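All remarks here apply to the structure that follows.
Note that the structure is predicted; figures quoted are calculated from it, not measured. Heads up: numbering here begins at 1 and tracks the sequence. For ligands, and for the atoms within them, numbers begin at 1 and follow the listed sequence.
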Amino acid sequence: MTIPLIDPFRRPISYLRVSVTDRCDFRCVYCMSENMTFLPKRDLLTLEELDRLCTSFVRLGVEKLRITGGEPLVRKGIMTFFDAMTRHLESGALKELTLTTNGSQMDRFASDLYAAGVRRVNISLDTLDDAKFAQITRWGRLPQVLKGIDAAQNAGLRVKINTVALKGFNEDELFSLTSWCASRDMDLTFIEVMPMGDIGNEDRLGQYWKISDLRARLAERFTMTDLVERSGGPARYVRLNETGQKIGFITPLTHNFCESCNRVRLTCTGELYMCLGQEDMADLRAPLRANPASDAPLEQAIRAAISRKPKGHDFDYSRQSVDGRVSRHMSHTGG
Ligand code: SAM
Ligand code: SF4
């Protein structure tokens, strides 16, 4: 029997987030600069290599796969990969296959994703105002994403909306976004902005809207029941008694969530990051490419990496500079 992955702090690793591309059809101001240089294609893992890697992780006990990016649905042939993962759902080894998307391509993919076994998707949406949407995503257009959300729900996918909390940008939409999600039976998670990568001239500290402040404003209008359920990640959940909807708060900078961390992140070039907030990583592409006929060296490399998973991250906004900042972009590690 295969021994499952357990890190030095006795945390079982059951959740893998996989970035399948660093490319995107949007240029959200907190995520990318307008003129991004993307990786050369040869550096990317092929769809077959992604399959081998994910399959190894599933063999080692990973039960949940979240596909992300960049924008996962702009990766050419991506359905081949989703379809390949279906076999792990069917065998019962994989409990959940899911993705985080900006929704722009959802209209084309929703029913195929459902057919592949995907049941829940996270769709990112920071505003319901056309002009603000174009401003924050630079290249995105709101109607396209709303169409994608319709398509996802029509296909039977449960949709959760992810909203980055941005000071002076969507503070005024807190209640309209919440009630819009409630009216469509969608849960909603607010994410605190994180110091990732060089994003050009944007003033990140200016964008920072503390989730505790957001939560306090929500409490002015709604009564909240804390939910005990934890995802093993940085999200806390409450239920709004008035609407019944679930609201999540992701506060990687102000809360210590590391003690229950069950996840690792794989980049589209095969680097495994054991912690979102640390620079240490393991190159899994080399053992993968050097051993086309055996996954044993790859599995050894995975185990060695997990044995180095750190206890926690170092983000710190408490001084007026961004310390503990990580130089890579979120689209590289996979948000
Ligand atoms: N393109 C897809 C999307 O936007 O959903 C998947 C990748 S994106 C990097 C994943 C999530 O990370 C999105 O919800 C996005 O809003 C969030 N994100 C990106 N940059 C961030 C940052 N600097 N701080 C906090 N969240 C960020
Ligand atoms: Fe693209 Fe997602 Fe980053 Fe926006 S947050 S630029 S949609 S990868």
Side-chain angles (χ1 to χ4, degrees), residues 17-36 38-39 66-75 78 98-106 109 120-127 132-142 144-145 148-149 152 159-167 169-170 177 186-200 202-211 214 233-235 248-255 263 265-268 273 276-277 313 315 317 322 324-335:
R17 297 171 76 101
V18 185
S19 170
V20 294
T21 178
D22 62 332
R23 285 159 202 262
C24 188
D25 51 348
F26 291 3
R27 291 289 180 279
C28 303
V29 297
Y30 46 74
C31 179
M32 294 190 183
S33 64
E34 184 133 34
N35 306 305
M36 290 288 288
F38 293 109
L39 295 161
R66 177 174 294 281
I67 309 308
T68 175
E71 174 46 41
L73 298 180
V74 302
R75 170 87 197 244
I78 192 61
T98 180
L99 76 153
T100 300
T101 172
N102 65 23
S104 69
Q105 310 299 316
M106 211 36 165
F109 285 103
R120 299 195 300 165
V121 293
N122 288 355
I123 301 184
S124 304
L125 181 73
D126 301 330
T127 172
K132 281 162 76 180
F133 189 88
Q135 184 197 342
I136 201 82
T137 62
R138 293 197 187 103
W139 295 4
R141 296 297 172 260
L142 182 63
Q144 185 188 2
V145 171
I149 294 172
V159 176
K160 181 170 75 102
I161 299 295
N162 277 347
T163 300
V164 176
L166 295 162
K167 201 165 193 68
F169 178 77
N170 55 13
L177 269 165
M186 300 187 296
D187 295 326
L188 171 61
T189 291
F190 293 102
I191 310 175
E192 209 157 58
V193 79
M194 285 187 271
M196 308 285 291
D198 174 14
I199 46 155
E202 302 299 328
D203 171 10
R204 205 185 293 272
L205 285 169
Q207 298 172 345
Y208 186 49
W209 181 17
K210 268 177 91 166
I211 289 286
L214 182 156
F249 304 102
I250 300 191
T251 55
L253 303 171
T254 51
H255 270 267
R263 59 196 57 197
R265 292 176 163 81
L266 185 70
T267 70
C268 53
Y273 281 90
L276 182 62
H313 64 66
F315 288 128
Y317 263 132
V322 185
R325 140 179 210 147
V326 169
S327 57
R328 61 189 186 274
H329 286 95
M330 193 78 143
S331 52
H332 181 64
T333 327

Enumerated ligand 1 atoms positioned under 4.0 Å from heavy atoms of [X]:
X: Thr101; result: 2 (C), 3 (C), 5 (O)
X: Thr68; result: 6 (C), 7 (C)
X: Glu192; result: 25 (C)
X: Asn102; result: 2 (C), 3 (C), 4 (O), 5 (O)
X: Gly70; result: 1 (N), 2 (C), 6 (C), 7 (C)
X: Val164; result: 16 (O), 26 (N)

Please identify each residue that fulfils salt bridge (Lys or Arg N to Asp or Glu O under 4.0 Å) with Arg120, with sequence neighbours left out.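 Arg120: salt bridge (Lys or Arg N to Asp or Glu O under 4.0 Å) contacts with Glu96.
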Test of understanding: with salt bridge (Lys or Arg N to Asp or Glu O under 4.0 Å), list the residues that count as partners of Lys160, not counting sequence neighbours.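 Partners of Lys160 by the salt bridge (Lys or Arg N to Asp or Glu O under 4.0 Å) criterion come out as none, since no residue qualifies.
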Would Val193 count as a polar contact of ligand 1, with the cut-off being nitrogen or oxygen pairs under 3.5 Å?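 Looking only at distances, the answer is no, because the N/O contact criterion of under 3.5 Å is not met.
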With only distance considered, is Thr100 within less than 3.5 Å of ligand 1 through an N or O on each side?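 No: no nitrogen or oxygen of Thr100 is under 3.5 Å from one in ligand 1.
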Numbering the atoms of ligand 2 from 1, which are under 4.0 Å from a heavy atom of [X]?
X: Phe26; value: 6 (S), 7 (S)
X: Cys28; value: 4 (Fe), 5 (S), 6 (S), 7 (S)
X: Gly70; value: 8 (S)

For Phe190 and Phe249, take the angle between the two ring planes, folded into 0 to 90°, and tell me which bin it lands in: parallel under 30, tilted 30 to 60, perpendicular over 60.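 Aromatic pair Phe190/Phe249 classed parallel.
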No-hydrogen, no-angle side-chain donor-acceptor test under 3.5 Å, [X] and [Y]:
X: Thr100; Y: Arg66; result: yes
X: Trp139; Y: Glu34; result: yes
X: Ser104; Y: Asn102; result: yes

Can you see which heavy atom on Ile123 is nearest to which on Ala152, and at what distance?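 Closest pair (atom of Ile123, atom of Ala152, distance): CD1-CB, 4.4 Å.
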Kindly determine whether Phe133 and Phe26 satisfy side-chain contact (heavy atoms from CB on, under 4.5 Å), including the steps that lead there. CA-CA 11 Å; Phe133 189 88; Phe26 291 3; 3.9 Å; yes
For ligand 1, which part of Asp126 has a heavy atom less than 4.0 Å away: the side chain, the backbone, both, or neither?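 Under 4.0 Å from ligand 1, Asp126 contributes no heavy atoms.
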Geometric cation-pi criterion, Lys167 with Tyr208: 6.0 Å, 45°: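 No, a cation-pi geometry is absent between Lys167 and Tyr208.
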Could a heavy atom of Gly103 be found less than 4.0 Å from some atom of ligand 1?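 Flag not set, Gly103 not near ligand 1.
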